[in-house]
Amino acid sequence: MMTITYELFFKVLSNRNRLRIVDLLRKGPKNVTQICQELELEQSLVSHNLGCLSNCGFVYARRNGKAKEYRLDEEAIIPVLEFIDKHLDKYADKFRSCEVLRDESK
């Protein structure tokens, strides 16, 4: 059996579209159509990435009439994101000046 690692957790967020969806859902629940419109992404791409986020426990869906409404997992993911926010605030200058990160983005 494969050991689950931090790498797999962060791999979920390393995809730009999934990260954008998570960031959007931090503002509140949305259905697929709303996510597509706000992020200007195709429905198949949004659905594909919501499937990953849901499967990995980042989001869950709840029926709201005919549509599914997606939300972040409040118990698991929101506290992690809040911790990351605090870390980024504290070390923002260090992130900006990190030569290794700068070189990797080239």
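Atoms considered below: every heavy atom in the structure, side chains included; atoms not considered: hydrogens, waters and symmetry mates.
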**Q** Mind checking what makes salt bridge (Lys or Arg N to Asp or Glu O under 4.0 Å) contact with D85, not counting sequence neighbours?
**A**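 Listed in chain order: R26.
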
**Q** Among all residues two or more places apart in sequence or in another chain, which pass the side-chain hydrogen bond (donor to acceptor under 3.5 Å, both in side chains) test with Q34?
**A**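 Residues passing side-chain hydrogen bond (donor to acceptor under 3.5 Å, both in side chains) with Q34: none at all.
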
**Q** Anything under 3.5 Å between a donor and an acceptor, one on a side chain of residues 72-82, the other on a protein residue two or more places apart or in another chain? List them.
**A**
from, atom 1, to, atom 2, distance (Å)
D73, OD1, E75, N, 2.9
D73, OD1, A76, N, 2.9

**Q** To the nearest 0.5 Å, tell me how far L50 CG sits from L25 CG.
**A**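 It is 7.0 Å, given to the nearest 0.5 Å.
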
**Q** Could you report the tightest heavy-atom contact between I21 and I35, atom names first, then the distance?
**A**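 Smallest heavy-atom distance, with atoms named: CG1-CG2, 4.0 Å.
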
**Q** Could you list the residues that satisfy side chain to side chain contact (heavy atoms under 4.5 Å, CB included) with F95, not counting sequence neighbours?
**A**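 Result, side chain to side chain contact (heavy atoms under 4.5 Å, CB included) vs F95: H87, L88, Y91, L101.
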
**Q** Go through the structure and list residues passing side-chain hydrogen bond (donor to acceptor under 3.5 Å, both in side chains) with E38, not counting sequence neighbours.
**A**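 By the side-chain hydrogen bond (donor to acceptor under 3.5 Å, both in side chains) rule, E38 matches K30.
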
**Q** According to side-chain hydrogen bond (donor to acceptor under 3.5 Å, both in side chains), does anything in residues 7-19 pair up with another residue at least two apart or in another chain? List the pairs.
**A**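 For residues 7-19: R18-N49.
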
**Q** Linking I/L/V/M/F/W/Y whenever their side-chain heavy atoms sit closer than 4.5 Å, directly or via other members, would L8 and L13 fall into one cluster?
**A**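 Unlinked, L8 and L13 end up in two clusters.
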
**Q** Side chain to side chain contact (heavy atoms under 4.5 Å, CB included) with R62: which residues, sequence neighbours excluded?
**A**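 With neighbours one apart ignored, the set is Y60, R71.
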
**Q** Would you please name every residue forming a side-chain hydrogen bond (donor to acceptor under 3.5 Å, both in side chains) with T33, sequence neighbours left out?
**A**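 side-chain hydrogen bond (donor to acceptor under 3.5 Å, both in side chains) list for T33, sorted by chain: empty.
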
**Q** Using the rule that Ile, Leu, Val, Met, Phe, Trp and Tyr join whenever any side-chain heavy atoms are under 4.5 Å apart, tell me whether V12 and F10 fall into a single cluster.
**A**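 V12 and F10: one cluster.
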
**Q** List for me each residue that meets side-chain hydrogen bond (donor to acceptor under 3.5 Å, both in side chains) alongside D93, sequence neighbours excluded, and say none if there are none.
**A**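 If we apply the side-chain hydrogen bond (donor to acceptor under 3.5 Å, both in side chains) test to D93, skipping adjacent residues, the hits are R96.
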
**Q** Can you name the ring pair (Phe, Tyr, Trp, His ring centres under 6.0 Å) partners of F9, sequence neighbours left out?
**A**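 Partners of F9 under the ring pair (Phe, Tyr, Trp, His ring centres under 6.0 Å) test: F58.
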
**Q** Could you tell me which residues satisfy side chain to side chain contact (heavy atoms under 4.5 Å, CB included) with A67, sequence neighbours excluded, listed by chain and number?
**A**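 Expected list: N31.
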
**Q** Does Y70 form a side-chain contact (heavy atoms from CB on, under 4.5 Å) with L53? I'd like the steps, not just the answer.
**A** CA-CA 10 Å; Y70 290 87; L53 291 165; over 6 Å; no

**Q** The criterion is salt bridge (Lys or Arg N to Asp or Glu O under 4.0 Å); which residues satisfy it with D89, sequence neighbours excluded?
**A**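 With neighbours one apart ignored, the set is empty.
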
**Q** Evaluate side-chain contact (heavy atoms from CB on, under 4.5 Å) for R63 paired with K68, printing each intermediate quantity in order.
**A** CA-CA 4 Å; R63 280 259 171 230; K68 283 185 182 178; 3.9 Å; yes

**Q** Can you check whether R102's main-chain N or O pairs, donor with acceptor, with S105's side chain at less than 3.5 Å?
**A**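 Flag set: sc S105 to bb R102 pair under 3.5 Å.
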
